[in-house]
Amino acid sequence: MKKIYKKIVYPSFEHYLAHQMKNKAFKNAYEEEGQRLGIAYQILQLRNKQKLSQKTLAEKLDTTQSVVARIEAGQQNFSIDTLGKIAAALKRELKIEFVR
């Protein structure tokens, strides 16, 4: 006797995400994480553009290379003060604004 296997259909990630975004707490956390990763990516891009190593940037910030690595990976929370120090070390102005 031949076994009949039932095909399991999983929803796409986009469908799953759209469903999860209906939850206000999830949506807030998702958007906050997106902002943190966006900032982390900007820091990484600026550092690379200036041809600085993580160690060199860390020395300018008076911290360790591992802290810079965590910041760039989006695994480290950072304060406005820390962002200001990073901006200064990268010879940039920090601009924070509220937008709609």
Side-chain angles (χ1 to χ4, degrees):
M1 182 184 259
K2 195 174 190 181
K3 287 187 176 183
I4 300 175
Y5 293 98
K6 193 174 186 179
K7 185 176 180 180
I8 299 173
V9 178
Y10 294 101
S12 69
F13 176 75
E14 291 79 15
H15 178 77
Y16 173 78
L17 182 59
H19 178 72
Q20 292 299 317
M21 292 297 270
K22 293 176 185 174
N23 178 311
K24 188 176 181 178
F26 178 89
K27 183 177 180 179
N28 289 341
Y30 181 86
E31 290 173 352
E32 184 179 310
E33 187 63 21
Q35 290 174 343
R36 184 179 5 268
L37 289 173
I39 293 168
Y41 185 71
Q42 287 181 54
I43 293 167
L44 172 67
Q45 291 299 310
L46 285 170
R47 180 181 60 77
N48 285 335
K49 187 176 181 179
Q50 295 182 19
K51 298 183 183 349
L52 295 175
S53 67
Q54 288 181 341
K55 183 178 180 182
T56 302
L57 179 57
E59 289 168 356
K60 291 180 177 218
L61 300 174
D62 194 30
T63 190
T64 63
Q65 176 273 328
S66 62
V67 168
V68 172
R70 287 195 305 272
I71 288 172
E72 291 181 349
Q75 299 172 344
Q76 177 81 30
N77 287 331
F78 33 77
S79 66
I80 293 173
D81 290 339
T82 300
L83 290 176
K85 289 176 184 177
I86 292 169
L90 295 172
K91 298 181 178 95
R92 292 292 192 265
E93 181 181 326
L94 177 63
K95 179 180 178 183
I96 299 172
E97 61 184 316
F98 295 97
V99 295
R100 208 169 248 233

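As a basis for the values below, the full set of heavy atoms in this structure was taken, side chains included, without hydrogen atoms, waters or symmetry mates. The structure presented is a predicted model; accordingly, all values stated were derived computationally and were not measured. Numbers here simply count residues along the sequence, with the first being 1.
What you find for Leu37 and Gly74 is that their closest heavy atoms are CD2-CA, 3.8 Å. When all heavy atoms of Lys55 and Gln65 are compared, the closest pair comes out as N-CG, 4.0 Å.
Between Val67 and Phe78, the closest side-chain pair of non-hydrogen atoms is not below 4.5 Å.
No more than 12 heavy atoms of other residues, nucleotides or ligands shown are found within 6.0 angstrom of CD1 on Ile80.
The structure places CD of Glu59 at 10.5 Å from CG of Leu52, a figure rounded to the nearest 0.5 Å. Ile43 contributes atom CD1, which lies 12.5 Å from atom CZ of Arg92 (distance to the nearest 0.5 angstrom). Within the model, atoms CZ of Arg47 and NZ of Lys60 stand 12.0 Å from one another, a figure rounded to the nearest 0.5 Å.
Considering Asn77, Asp81, Thr82 as possible partners of Ser79, the one that fulfils the side-chain hydrogen bond (donor to acceptor under 3.5 Å, both in side chains) test is Thr82.
Under the side-chain contact (heavy atoms from CB on, under 4.5 Å) criterion, Gln42 pairs with no residue, sequence neighbours left out. Listed by chain and residue number, Leu57, Thr63, Val68, Lys85, Ile86, Ala89 satisfy the side-chain contact (heavy atoms from CB on, under 4.5 Å) test with Leu61 (two or more places apart in sequence, or in another chain).
Linking ILVMFWY residues whenever their side-chain heavy atoms come closer than 4.5 Å, directly or via other members, leaves Ile96 and Tyr41 in distinct clusters. Linking Ile, Leu, Val, Met, Phe, Trp and Tyr whenever their side-chain heavy atoms come within less than 4.5 Å puts Ile39 and Ile71 in one cluster.
For residues 7-35, the pairs satisfying side chain to side chain donor-acceptor pair (under 3.5 Å) are Glu33-Arg36, with sequence neighbours left out.
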